[in-house]
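Excluded from the calculations below are hydrogen atoms, water molecules and symmetry mates; all remaining heavy atoms, backbone and side chain alike, are included. Just so it is clear: chains get the letters A, B, ... in the order the sequence lines come, proteins before strands, and each one is counted from 1.
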Amino acid sequence: MTDQQAEKPNYKKTLNLPKTAFPMKANLAQNEPQSLKKWLASGLYDRVRSARADAPRFIFHDGPPYANGDIHVGHLMNKVLKDLVVRSRLMEGEWCDYVPGWDCHGLPIEYRVMTELVESGKIAKLADLEEDARRMAVRRECRKYAEKSQKRQRTQMERLLTFADYDNPYLTMQPEFEGATVEVFADLVAAGLVYRDLKPVHWSIDNETALAEAELEYRDCEDCSIYVEFEAADREAVGRVFGVELDTTPSFMIWTTTPWTLVANLAIAVHERFDYALARIDGSETIIASALLEKVAAMGGAEEIEILGTCTGAQLDGLRYRHPFCDRESPVVLADYVTLEDGTGLVHTAPGHGADDYRTGLREGLEVYCPVLGDGTYDETVPEWMRGLSIWKANPEVVERLRESGHLFHDHLFTHSYPHDWRSKTPVIFRATEQWFIGVDKDFADGGSLRQRATEAVNTTVSFVPAWGRNRMLGMLESRPDWCLSRQRAWGLPIPAFSRPDGESFLTAASARAVAEAFRARGSDAWFTETPKELLASYDLASDPDAPEGLDLSSLTKMQDIFDVWFESGSSWNSVMRERDLGFPVDLYLEGSDQHRGWFQASLLPGIGVTGESPYRTLITHGFMVDKDGRKMSKSGGNALAVEELLKSYGADVCRWWVSSLAFENDVKVDVEFFRLAGESYRKIRNTVRFLLSNLVGFEPDKHQVALEDIEPHTADGWILGHAAQVERHVREALHRYAFREAHLAIYDFCNDALSATYCVAVKDRLYCDAEDSSRRRACQSTIFVLADLLCRLLAPIIPHTASEIHGSLHGEGIEVFEASHLGLSYESATEWPAIMRQREGVLKALEEAKARGIENPLDAGVVVPDPEDAFAAFAEDFADLCGVSRARFEHGIGEIEIEDLREELRCERSWKRDGTVRARSDGGLLSDRDAAAIGL
RNA sequence: GGGCCUGUAGCUCAGCUGGCUAGAGCGCACCCCUGAUAAGGGUGAGGUCCGAGGUUCGAGUCCUCGUAGGCCCA
């Protein structure tokens, strides 16, 4: 027994079996940081940049994430999508700067810092400081926090293998950025677009300060809810609308929970599509939304209700009414925020005391009337009985007055959630204060408003991916109000405005430029540490045509507003792209679809205002992360995925492979499960490449490479090369138009179908069994070398670490794949291949059926395939391998595929084929002619 | 409440300007290989195209109204 076995030749040793150091297991979490280190150490970014100094440039501009907290899956997708663009361009031989940015100023950081100061008790020390010193103390803490967050996020983003210039990022708190941003502002001032006006903000009476959204907390609060009747000014006009004759004057019934604001009432808002009724309620005529009539009447204890007529809100538009206790008339206007949930369907409107009211007032040209002072008392413009009264004391007073004068229909106490100052825990009011604005409807000297010009640009010079972005943007441009630029906070870029002794503000283009110069040199902290004179050192009053007459610079004091952070990031096309000479206008901005209102619009308006053109040529938007059921990801809920964990479990390349597979224009479902699936698909690619690499043992390109033109178009090599050339063109073209998913699928299908399931299986026989140096085997290895090289480059933009691994395996460690470009493979395979591959489908089905006859292994079969045109004979040899059978022939005389049972024929002990040439050889083994020759028998 | 978008096999998605028995991959089931082996290959079963109306000779595709979800605004 043992002897017999020893006698049997061991043919396995004579085969050229695959061998490679390229591991099946990627170990990405361990190995990617090594790659990263290697690239950083060798200065890859700079190396590629200088090598591409004269190459065509693609101008990309990174939008700044907020420097706060760890990056989340949304950042992961955003940054990787950007990197796909950048690396795609590199692989096309172009250069594309990726200068990463961070948004550093703003409330979220200031709020956090303030909370920490309060909790640590340090806040008490600040209280004694002067205003500027106090703000500087806060700013120093905020800067520290922003720097820390930025560094943290930088590391996390680098870990995603993004090819960006992390050593030279832009931060909105950098002096040059600040200076360049104020210069944008100066240009807008020069264009006459900037003005100062009243606008309602959340106001804390206790602290006498404006509050931002994040400084509010909502608490339950008991308030007086009142239904008030405002007499119509023109009885007949109302009668005409409702088509009735009226003997008495009807009223408009409004509802409010803030009686103290009634004194500032300047309009009543109705919804144009709602129905309104003119009703006689217990003898008096009242106008109220039809849907609410019964409910309100019942609340007021009414006994008799008679509807005299109805109309739509649109018909009420323009009617006028008399204020119940002030001597004035005001209009009925339309507003789309009117609802039928509460109240009467007619909304009390006080433009100085509500955000909605304010917008409506702006549109209707109403005064922003705010008779309430910072300490919560009324000023001199109100009726005498209210003057000097605190608004909280005024509330019951107002109700009583209305009751006495017969204007009160009903009142009751009720509990609702109402905003409070988070520090003093006192209720907050809406109060109009002076703010800076950019006017979107102000005409330029040469005609046209910002709104018109921006709309024009969006319609003509900007392309949108996906295309519906244009509509969305246009809709937002159409309805947006003037841009309120100012905020009353410490952590931001100061608005370079001064006030004069008479209370007027001083701000001209030239004075703003002088401050910009100071910021550029010494940072915006200068605003808090320097005098107006120092800040305006480079300002020449005499040569400023816009300077007000008789201005005395030494009498100026600094105003305390800072810019809306969106103005800072919205100026980055200047503060980064023009400032650093990176290119303008920019070819591409790529962000989440929320940025249609955010950064895209914040960039478009200043861009148009200053340069006359859109700062970007193409806008790409991606959707948002939702959970696996399509629901919003909640920050507090458990469905948020930690990027760090994903990187640890799957690695950056798998995460990137996942990103490239997404239909990113829509919302993206995210769940660990999807990363696991991406990992499996990644392994499929990796194993396929590994198979290719492992069959290049002993293949030295210099010595053995067969030129492409010498590879026969009718062989399996010819087939795959033609296929590969097509795939390369497709993938490059898809990447070019940002169809990453399409590129991903094309690569995957090529690896999975064309290579793994078809080509690789087919050529195993010749790779393993042909003589090592046979021309057929060398041609196959040459093909494999080209395929691996081609795939490596196609994969480079998506999975850079793996591509680098493959490239190293093929070409050694000297040069990185990112310094190279695509192969540009050109090869035409035989035109018969599509027809032949269709025949292969048929053969595979027939083989499956043949299993029932006992032919379970395809090598036990031969196939005969119809060839009516006698066109396929040359393909027979490779066709057999492509079907996995022992032999194949084409015959023109038959109608359908025939499977031959070869089980009775001898089987080659080396190749396991039954090709008809198998016989006993001198070494005692059964071998086919090819195999005998291969081992020199 | 308004604007924009999405809803096709268990899952992720293709289906362009209306015209084949609605496609692919994954997963699943069954089978093969054991010389890519914590790999590889074959075959197959899966769909009231969110719902209801309408236009049309014909609708997954166009229109209207719903419904569920997302972004932005209010």
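In this structure, CD1 of Ile685(A) is placed 11 Å from P of C26(B), rounded to the nearest angstrom. One interatomic measurement links the two molecules: CD of Gln601(A) to P of C72(B), which rounds to 14 Å at whole-angstrom precision. At whole-Å resolution of the value, CG in Asp667(A) and P in U12(B) are 13 Å apart. The separation between Arg480(A) atom CZ and G2(B) atom P is 23 Å, rounded to whole Å. Remark: P of C26(B) and CH2 of Trp657(A) are 13 Å apart, rounded to the nearest angstrom. Whole-Å rounding puts the His622(A) NE2 to C72(B) P distance at 11 Å. Atom CZ in Arg359(A) sits roughly 8 Å away from atom C1' in C73(B) (whole-Å rounding). As rounded to whole Å, 19 Å separates atom P of G70(B) from atom CD of Gln595(A).
Side-chain proximity of Lys632(A) to G70(B), C5(B), G25(B): nearest is G70(B). Closest contact between the side chain of Val626(A) and the listed nucleotides C26(B), C71(B), G70(B) involves G70(B). For Arg631(A), counting side-chain heavy atoms from C-beta on, the closest listed nucleotide (G27(B), C13(B), G69(B)) is G69(B). Minimum atom distance to the side chain of Trp468(A) is reached by C4(B), of the listed U6(B), U43(B), C4(B).
An anti base is found at G25(B): its glycosidic angle is more than 90° from 0.
Counting any heavy atom pair closer than 4.0 Å across all strands shown, Lys628(A) reaches no nucleic acid atom. The residue Glu742(A) sits apart from the nucleic acid: no heavy atom pair falls under 4.0 Å. Within the 4.0 angstrom heavy-atom criterion, no nucleotide atom of any strand lies near Gly475(A).
Taking only distance into account, the side chain of Arg472(A) meets the base of C71(B) through a donor-acceptor pair shorter than 3.5 Å.
For Tyr418(A) and Thr257(A), the side-chain atoms include no donor-acceptor pair closer than 3.5 Å. Side chains of Trp483(A) and Asp564(A): a donor-acceptor N/O pair is present below 3.5 angstrom, by distance only. Side-chain contact of Thr261(A) with His348(A): a donor-acceptor pair under 3.5 Å is present, judged by distance alone.
If you run side-chain contact (heavy atoms from CB on, under 4.5 Å) between Phe464(A) and each of Thr618(A), Thr621(A), Ile620(A), Val458(A), only Val458(A) comes through.
Separating the C1' atom of G27(B) from that of C11(B) is a span of 7 Å, rounded to the nearest Å. U61(B) and A22(B) are spaced 11 Å apart, taking the C1' atom of each and rounding to whole Å. Atom P of G53(B) sits at a distance of 28 Å from the matching atom of A14(B), rounded to the whole Å. For G42(B) and G47(B), the C1' atoms lie 25 Å apart once the distance is rounded to whole Å. Atom name C1', nucleotides G46(B) and C26(B): the rounded distance is 13 Å, in whole Å. The C1' atoms of C71(B) and G60(B) are separated by 26 Å, rounded to the nearest whole Å.
In this structure, U21(B) makes no Watson-Crick or G-U wobble pair, since no nucleotide meets both defining distances under 3.5 angstrom. When Watson-Crick and G-U wobble pairs are counted only if both distances are under 3.5 Å, C49(B) pairs with no nucleotide at all. Applying the Watson-Crick and G-U wobble criteria (two distances, each under 3.5 Å), A36(B) pairs with nothing in any strand. Partner assigned to A9(B) is none, using Watson-Crick or G-U wobble distances below 3.5 angstrom. With both pairing distances under 3.5 Å, C71(B) is matched to G3(B) as a Watson-Crick or G-U wobble pair. If you check A29(B) for Watson-Crick or wobble pairing at under 3.5 angstrom, you find it paired to U43(B). With a cut-off of 3.5 Å on both pairing distances, U61(B) has no Watson-Crick or G-U wobble partner at all.
For Lys851(A) and G42(B), the shortest distance from a side-chain N or O to OP1 or OP2 is not below 4.0 Å.
Residue Thr783(A) holds its OG1 atom at 9.0 Å from CD1 of Ile720(A), rounded to the nearest 0.5 Å.
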Inset, instruction - Could you please spell out the steps behind the salt bridge (Lys or Arg N to Asp or Glu O under 4.0 Å) verdict for Asp901(A) and Arg903(A)? - result: CA-CA 6 Å; Asp901(A) 187 348; Arg903(A) 279 178 293 175; 2.8 Å; yes
Inset, instruction - Determine, step by step, whether Asn695(A) and Phe691(A) satisfy the side-chain contact (heavy atoms from CB on, under 4.5 Å) criterion, reporting the C-alpha distance in whole Å, the side-chain angles of both residues, the deciding distance to 0.1 Å, and the verdict. - result: CA-CA 6 Å; Asn695(A) 280 293; Phe691(A) 177 83; 3.3 Å; yes
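Atom CD of Glu896(A) has 12 or fewer neighbouring heavy atoms from other residues, nucleotides or ligands inside a 6.0 Å radius.
Each of Asn471(A) and Val338(A) was assigned the nucleotide of RNA chain B with the nearest heavy atom; the assignment lying further toward the 5' end belongs to Val338(A). Residue order along RNA chain B, read from the 5' end via each residue's closest nucleotide, puts Ser661(A) first among Asn752(A) and Ser661(A).
Here the side chain of Arg451(A) pairs a donor or acceptor atom with the backbone of Arg480(A) at under 3.5 angstrom. No donor-acceptor distance shorter than 3.5 angstrom exists from the side chain of Tyr768(A) to the backbone of Lys12(A), with no hydrogens or angles considered.
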Close N/O contacts between protein and nucleotides 33-39 of chain B (under 3.5 Å):
residue, atom, partner, partner atom, Å
G35(B), OP2, Lys12(A), NZ, 3.4
G35(B), N1, Arg910(A), O, 2.8
G35(B), N2, Arg910(A), O, 3.3
A36(B), OP2, Lys764(A), NZ, 3.0
A36(B), OP2, Tyr768(A), OH, 2.7
A36(B), N7, Lys764(A), NZ, 3.3
A36(B), N6, Ser756(A), O, 3.1
A36(B), N6, Ser756(A), OG, 3.1
U37(B), OP1, Arg690(A), NH1, 2.7
A39(B), OP1, Arg683(A), NH2, 2.5

